[in-house]
Chemist: 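Got a structure for you, written out below as structure tokens; questions coming shortly.
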Amino acid sequence: MAAFIAAERLSRSQRIGVVAPSGVYQRFQSLVRRISLGRDLGGAAAQMERLCSLDNAAGAEAWHFSPSGRGSISVPPPDARRMAPIGALNLVTTPYCGGERWRWILPRGEPVADDNPGMIDLPVARSFRTTLTLDAAPCDDIAQEGILHFLSTLFDLKTEIEERADDLFEYRGLRCPISPTARVNLIRTEQAAAIIMAIADRTEAGDFVVAGPENLSGEEFLERVGDIYGVSLLPLDGKALFSRQPSAIDALFDRRLMNFAEHLGQPDREAIEHAYAAAGMSSTGFRLAPVQFDALVERTCKAQQSDYNARNCDASKPLEIRKANTGGWELSYSATGDGEVVVLLNALGQGPKPLSRLTAHLGPRFRVLSWEPRGLGDSEAELSLLDHVADLAAIVEQESPAGVHLVAWCTAPKIAAEFALRYPDRVRSMTFLNMQVKSLDTPPGFDTPYETDFEALFSDLQQRPSTASWIATSLTSQGTEAGLDLITEADGDEAEAILAAMNGDLRMPVLRPFRDANSTIRFARQMTDFWNYDVNDIADQIDVPILIFASEYDRIAAPEASKWAHELFARARLLQAPGATHYFLYDRADVVARMIEWFVSGDDMPEPGDGHMTAAKLSVLADTAGSHRVADR
């Protein structure tokens with residue numbers, strides 16, 4: 001919506017200032033250019049730029065965009081004084097408003113609002129509220145507003161499930177918290193923007209509801225979308241959802257939709273016609289025919305599939321290989337992208353596959369470094385945890401001695417923590433993904449079956465090294481998650497078992513440590529050394545922002561262990577993803593990448609204990625006099 005309005009302003013040769021984090025601005029700029037392709041802008045595209053202060057804002061017309069239900073705009077009092085000369089402030093709220101696709105991992109029920117007693121509300125000249133919008137758009141999270149949020153959530157869940165059980169939706173439907181009689185009001189995004197702009201041109205003030213003149217029933221909406229996506233979408237009244245014991249997949253879909261049913265319904269007819277009248281338009285020209293709806297949904301589905309294929313292709317592309325010297329050994333590591341340096345620390349014994357998708361998603365926004373931890377090869381010396389810390393130190397010294405962001409998975413958070421203890425000035429932040437905290441002194445009850453069984457297995461291996469070949473053959477021949485973490489079928493229904501299962505792409509790659517007898521022995525010794533290291537001994541000495549992320553169905557690193565670790569570090573925050581496994585960084589690399597970007601940027605970051613953050617918003621200012629000024633948020 002913001003991009004359509006910005007493109008229209010640019011087509012009028014007006015200069016635009018945009019207040020947004022730099023990463024958001026870059027994606028927003030790309031979206032505006034895409035929308036503007038069919039318009040004659042001349043050199044106007046160069047008239048848009050990112051601004052970050054309120055200086056010289058007098059006379060500018062402000063457009064502020066936020067998700068429905070979070071419509072207030074607030075700024076600190078000093079900035080508010082500078083806001084006073086602004087010509088007009090327009091507030092536009094629309095369902096999801098883009099940038100929401102990953103936020104379902106945040107604690108449910110916590111406020112995600114901009115309420116702050118230290119801030120004041122600014123007067124709004126015009127207020128616009130839209131119903132669910134739909135239009136062709138790129139698959140970037142910033143563009144997934146309105147119905148596109150529903151469609152992207154459906155596509156994400158469907159592809160994620162099919163990577164574990166490719167035939168599930170051939171015989172099992174997906175229930176949605178939508179009543180079959182619900183009214184789904186839709187309007188094309190471009191049309192809504194045109195109505196909003198027309199109202200702004202003709203009126204000085206007012207509150208307006210921008211909606212389509214007709215509705216689809218909930219049943220028809222789900223049937224049409226389901227036919228296109230190849231999933232039987234079953235309507236179910238939201239109030240009855242949990243009384244009918246939905247499957248774990250149904251409940252996860254509901255969670256990821258983030259209260260989608262709240263955005264359904266037909267607004268008051270008089271309010272709708274009031275907006276059309278204020279725009280000088282007739283509502284009859286804005287009917288979205290079923291065939292048009294189907295065409296837009298089909299186009300969206302094809303774009304999502306194309307983007308999914310391209311992302312997987314990007315994840316398999318070879319990366320730049322660089323070298324660093326560490327302890328007399330030449331260590332190879334990969335590098336991609338530009339910007340702030342993010343170092344991905346892999347789990348002990350793992351190759352590039354589990355990190356591949358996350359690397360592809362982070363690459364456009366950061367310089368991303370990663371490597372295969374040493375120690376399994378016949379020609380390599382057996383390594384301790386401190387040797388891995390030395391490898392990290394050598395790469396950071398070569399690439400970014402001024403500081404890096406560490407993203408550590410599974411066993412690697414212990415390496416990151418020790419590095420931060422030894423080199424505190426070189427660590428800007430740390431993200432611990434599915435952290436394994438096991439040590440000899442770990443509180444009882446934290447060890448998973450994986451850790452308990454492998455500890456016994458490795459102890460037996462020390463006594464009888466001749467069993468290494470049998471262990472390696474036994475594990476790799478199965479090539480399944482059960483072969484890796486020694487768990488049996490998950491308790492509960494089939495859906496829960498599927499959510500707990502490993503992604504099929506990883507079933508063999510994660511068994512890399514057990515490729516032969518020698519690597520099995522070396523891995524066992526590294527893990528035993530790793531278990532001798534206790535983060536509890538050093539946590540209180542680390543003064544670095546830390547994000548600890550856990551998964552509900554993690555059978556390798558217990559979520560309870562991450563909660564315990566969260567209490568150890570003074571500057572730590574904790575998030576837990578429902579319906580996720582130990583391999584969430586691969587299953588939903590897009591979500592993890594957006595989470596990391598949010599945390600690394602510090603944008604809208606809550607203070608410890610807040611449990612919430614402000615929704616991503618855009619403020620776009622246009623000056624009809626030909627100069628640009630902007631209001632900060």
Chemist: Can you name the residues that form a ring pair (Phe, Tyr, Trp, His ring centres under 6.0 Å) with F366, not counting sequence neighbours?
Modeler: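 Counting only residues at least two positions away or on another chain, F366 forms no ring pair (Phe, Tyr, Trp, His ring centres under 6.0 Å).
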Chemist: Would you indicate whether N312, at its atom CG, is surrounded by more than 12 heavy atoms from other residues, nucleotides or ligands within a distance under 6.0 Å?
Modeler: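 Count over threshold, so yes.
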Chemist: Classify the angle between the aromatic ring planes of F549 and F584 as parallel (below 30°), tilted (30 to 60°) or perpendicular (above 60°).
Modeler: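 Parallel.
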Chemist: Of Y96, F260, F155, which meets ring pair (Phe, Tyr, Trp, His ring centres under 6.0 Å) against H149?
Modeler: Y96
Chemist: Under the side-chain contact (heavy atoms from CB on, under 4.5 Å) rule, collect the residues that match up with D529, sequence neighbours excluded.
Modeler: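 side-chain contact (heavy atoms from CB on, under 4.5 Å) list for D529, sorted by chain: S384, L385.
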Chemist: Taking NZ, NE, NH1 and NH2 as the nitrogens, is one of them in R357 or D590 under 4.0 Å from a carboxylate oxygen of the other?
Modeler: no
Chemist: Give a yes or no on whether a salt bridge exists between K438 and E451, defined as a side-chain N under 4.0 angstrom from a carboxylate O.
Modeler: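 Result for this pair is no, no salt bridge flagged.
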Chemist: Below 4.5 Å, heavy atoms only, C-beta onward: do L106 and L575 meet side chain to side chain?
Modeler: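 A side-chain contact under 4.5 Å exists here.
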Chemist: Quick one: salt bridge (charged side-chain N to carboxylate O under 4.0 Å, His left out) partners of E552, sequence neighbours excluded?
Modeler: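 Testing E552 for salt bridge (charged side-chain N to carboxylate O under 4.0 Å, His left out), a comparison that skips the adjacent residues, returns none.
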Chemist: Give a yes-or-no answer on whether the side chains of N503 and E163 include a donor-acceptor pair shorter than 3.5 Å.
Modeler: yes
Chemist: Do V427 and F419 make a side-chain contact, defined as non-hydrogen atoms from C-beta onward lying under 4.5 Å apart?
Modeler: yes
Chemist: Would you say D141's side chain and R101's backbone share a donor-acceptor pair under 3.5 angstrom?
Modeler: yes
Chemist: Determine whether R27 and R365 make a side-chain contact, defined as any pair of heavy atoms from C-beta on separated by less than 4.5 Å.
Modeler: yes
Chemist: Is the shortest side-chain N to carboxylate O distance from R374 to D391 below 4.0 Å?
Modeler: yes
Chemist: Taking only Lys NZ, Arg NE, NH1 and NH2, and the carboxylate oxygens of Asp or Glu, determine whether R164 and E162 approach each other closer than 4.0 Å.
Modeler: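 Looking at E162 together with R164, the answer is no, because their closest N to O distance does not fall below 4.0 Å.
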